[in-house]
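Let me begin by presenting the structure, written as structure tokens, before commenting on it.
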Amino acid sequence: MTADLSTGSLGGDAVLRVEWLPGSDRLRGRCHCGAEAHGEDPALMWEWLLAHPDHPAGGPGVPPPPAELPPPADVIAAPARPRVPVPA
């Protein structure tokens with residue numbers, strides 16, 4: 001690691017960063033592997049960073065997407081209706 005005295009930050013291959021995004025309550029987390037995420041909770045952001053290399057998809061506090069979506073509720077709840085021919 002090397003220090004950049006002009007910005008007061010560390011550089012190198014193993015640096016984890018949590019930066020405040022000015023004008024908001026949002027944080028940006030950057031891992032040394034290149035993964036980046038946004039969030040509001042600093043503790044969750046650090047947990048996400050320290051989980052390297054198993055970063056959850058989408059960032060901290062975001063559950064992974066389900067493997068397969070269930071069918072819509074109306075398909076489950078509504079029984080199939082037989083077709084009735086219309087008289088001519």
Side-chain angles (χ1 to χ4, degrees):
M1 275 187 260
T2 59
D4 181 355
L5 299 178
S6 64
T7 62
S9 64
L10 293 174
D13 294 338
V15 177
L16 304 173
R17 297 184 191 282
V18 175
E19 302 167 328
W20 168 62
L21 300 174
S24 71
D25 290 337
R26 308 281 296 163
L27 300 169
R28 176 177 45 223
R30 292 183 183 178
C31 183
H32 57 81
C33 70
E36 186 175 304
H38 295 85
E40 293 181 1
D41 187 333
L44 289 177
M45 184 64 70
W46 277 109
E47 286 178 14
W48 179 82
L49 284 167
L50 295 172
H52 174 83
D54 300 319
H55 299 291
V62 178
E68 184 178 321
L69 294 176
D74 62 338
V75 172
I76 297 170
R81 296 182 187 171
R83 292 188 149 200
V84 178
V86 178

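FYI, side chains are in, hydrogens and waters are out, and symmetry mates aren't considered; it's all heavy atoms of this structure. One-based numbering along the sequence shown. Predicted, not measured: the structure shown is a model, and the values here were computed from it.
- Residues Leu49 and Gly29 approach most closely at CD2-C, 4.3 Å, considering heavy atoms.
- Residues that satisfy the side chain to side chain donor-acceptor pair (under 3.5 Å) test with Glu40, not counting sequence neighbours, are absent from this structure.
- Heavy atoms only, all atoms of each residue included: His52 and Cys33 are closest at CE1-CB, 3.3 Å.
- The CH2 atom of Trp46 sits 10.5 Å away from the CG atom of Leu27 when rounded to the nearest 0.5 Å.
- Arg26 is linked by a side chain to side chain donor-acceptor pair (under 3.5 Å) to nothing, counting only residues two or more places apart in sequence or in another chain.
- Looking at Leu21 and His38, their side chains come closer than 4.5 Å, going by heavy atoms from C-beta outward.
- Applying the salt bridge (charged side-chain N to carboxylate O under 4.0 Å, His left out) criterion to Arg28, with sequence neighbours excluded, gives Glu19.
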